[in-house]
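Reviewing the structure listed below.
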Amino acid sequence: MREEYKLLERIKTAQGNTIVLSGLSSRKKQTLVIGVVHGDEPQGGEIINRYLEEYLKSNALFIPVLNPDGKDAGIRTNSNGVDINRNFPTKNWELSKKDNYFGGYISASEIETNFLINVIDKYEPSAILTLHTPYRIVNYDGPAAELAECISDITGYPAEKSIGYPTPGSFGTYAGVERNIPTVTLEMDEEESIDNLYAVMKQVFNCL
């Protein structure tokens with residue numbers, strides 16, 4: 001009989017939505033896979049949820065949708081207007097202008113940010129993969145070159161250590177650079193259908 005994924009952690013957002021962490025086991029040192037950090041990039045959540053329904057992956061934990069409030073509104077930020085991927089308490093976090101990249105008035109101010117920080121502290125993931133769009137690149141931080149190359153070979157996207165622009169307070173800096181956790185930000189092609197992306201991502205998950 002197929003083993004079911006278990007709900008390991010959950011928290012309510014400012015708008016009453018639920019962020020969940022799922023896995024087959026609560027043991028430490030598994031890979032962590034995260035979708036929908038930005039609400040206007042829903043593809044990662046659809047891919048993860050489909051994978052959870054169809055496949056087993058005993059060495060991975062999944063957060064399908066980190067930013068459900070933003071996803072509901074179709075916006076990059078959360079409901080407080082904060083870009084979660086600029087809100088982490090890194091050495092390079094900075095107070096920025098209030099636009100789509102606004103990192104909050106202080107670092108780690110957001111429910112979504114703290115949920116992810118707490119998951120990392122509790123489960124000590126061996127590697128982390130976050131799913132974004134649209135740049136067709138395998139961006140990596142920390143000691144993740146080997147994982148990035150495996151993903152690059154499958155997707156055909158180049159593996160690059162730099163995304164090409166400054167990202168103060170980013171998750172990659174927080175987890176990869178400052179905590180030395182192999183961290184990959186996979187920027188998928190937003191023009192591809194979910195069916196095509198999912199077919200590729202099933203192979204990508206074999207790298208984990």
Side-chain angles (χ1 to χ4, degrees), residues 31-48 63-67 70-71 74-78 81-104 107-110 112-113 116-117 119-120 125-192 197 200-201 203-205 207-208:
T31 304
L32 175 63
V33 183
I34 306 160
V36 197
V37 176
H38 296 134
D40 58 355
E41 300 170 12
Q43 293 90 339
E46 296 180 47
I47 288 166
I48 293 172
I63 301 173
V65 180
L66 182 65
N67 181 9
K71 181 175 179 290
I75 58 175
R76 177 183 176 89
T77 66
N78 70 357
V82 174
D83 180 351
I84 302 306
N85 204 31
R86 299 293 185 276
N87 187 238
F88 286 88
T90 61
K91 294 174 184 176
N92 70 349
W93 180 89
E94 61 186 25
L95 181 62
S96 60
K97 63 181 180 180
K98 205 167 188 309
D99 58 14
N100 275 340
Y101 301 92
F102 178 57
S107 65
S109 58
E110 304 307 298
E112 298 86 350
T113 311
L116 188 47
I117 289 172
V119 164
I120 290 170
S126 58
I128 302 171
L129 172 64
T130 62
L131 305 182
H132 288 254
T133 59
Y135 295 118
R136 295 174 54 92
I137 190 173
V138 186
N139 175 231
Y140 66 95
D141 294 283
E146 184 176 349
L147 176 58
E149 288 296 339
C150 180
I151 296 172
S152 175
D153 287 346
I154 292 168
T155 61
Y157 305 161
E160 301 285 352
K161 199 159 188 178
S162 172
I163 195 72
Y165 50 85
T167 55
S170 73
F171 178 67
T173 300
Y174 175 81
V177 175
E178 298 188 1
R179 276 155 188 75
N180 210 40
I181 304 168
T183 301
V184 171
T185 303
L186 174 56
E187 292 271 356
M188 300 176 291
D189 183 354
E190 67 179 356
E191 300 298 326
E192 282 284 354
L197 290 175
V200 172
M201 287 306 302
Q203 300 176 61
V204 166
F205 288 151
C207 294
L208 305 181

What distance do Ile34 atom CD1 and Ile48 atom CD1 have between them, rounded to the nearest 0.5 Å? 8.0 Å
Nearest atoms (heavy-atom pairs only) where Val36 meets Gly39: CG1-CA, 4.0 Å
Give the minimum heavy-atom separation between Leu186 and Val138, together with the two atoms involved. CD1-CG2, 3.9 Å
Is any side-chain heavy atom of Leu147 closer than 4.5 Å to one of Thr183? no
What distance separates Asn85 CG from Glu112 CD, expressed to the nearest 0.5 Å? 12.5 Å
Under 6.0 Å from the six-membered ring centre of Phe102 and within 45° of its axis: does the NZ or CZ of Arg86 meet both? no
Go through the steps to decide whether Met188 and Val200 satisfy the test side chain to side chain contact (heavy atoms under 4.5 Å, CB included), and finish with yes or no. CA-CA 10 Å; Met188 300 176 291; Val200 172; over 6 Å; no
Can you find a side-chain donor-acceptor pair between Glu110 and Asn87 that sits under 3.5 Å? no
Walk me through it: do Asp141 and Ile181 pass the test side chain to side chain contact (heavy atoms under 4.5 Å, CB included)? CA-CA 8 Å; Asp141 294 283; Ile181 304 168; over 6 Å; no
Donor-acceptor under 3.5 Å (Asp153 side chain, Gly156 main chain): no
Determine yes or no for a side-chain-to-main-chain donor-acceptor pair under 3.5 angstrom, with Asn100 supplying the side chain and Thr77 the backbone. no
Going by heavy atoms in the side chains, are Val184 and Leu129 under 4.5 Å from each other? yes
Considering non-hydrogen atoms only, spot the tightest contact between Ala148 and Tyr140 and give its length. CB-CD2, 3.6 Å
Tell me, do Leu197 and Glu46 make a side-chain contact under 4.5 Å, heavy atoms counted? no
Search all heavy atoms of Ile117 against all heavy atoms of Pro89 and return the closest pair with its distance. CD1-CD, 3.7 Å
Are Glu41 and Glu190 close enough, and set up right, to give a side chain to side chain contact (heavy atoms under 4.5 Å, CB included), and what steps lead you there? CA-CA 8 Å; Glu41 300 170 12; Glu190 67 179 356; over 6 Å; no
Here the gap from Asp189 atom CG to Glu187 atom CD, rounded to the nearest 0.5 Å, amounts to 11.0 Å
Give a yes or no on whether Glu146 atom CD has more than 12 heavy-atom contacts from other residues, nucleotides or ligands under 6.0 Å away. no
Just one of Ile84, Thr130, Thr90 clears the side-chain contact (heavy atoms from CB on, under 4.5 Å) bar with Phe171, so which one? Thr130
Side chain to side chain contact (heavy atoms under 4.5 Å, CB included) between Leu116 and Leu32, worked out: CA-CA 10 Å; Leu116 188 47; Leu32 175 63; 3.9 Å; yes
Closest heavy-atom pair and its distance - Val82, Gly103: CG1-C, 3.9 Å
Does any N or O in the side chain of Thr155 come within less than 3.5 Å of the main-chain N or O of Ile151, such that one atom is a donor and the other an acceptor? yes
Quick check for you: to the nearest 0.5 Å, what is the distance between Thr185 atom OG1 and Glu160 atom CD? 13.0 Å
Euclidean distance, His38 NE2 relative to Asp83 CG, rounded to 0.5 Å: 3.5 Å
Considering all heavy atoms, the nearest Ser126-Thr31 contact: OG-N, 3.6 Å
Which value, rounded to the nearest 0.5 Å, describes the distance between Ile137 atom CD1 and Tyr157 atom OH? 11.5 Å
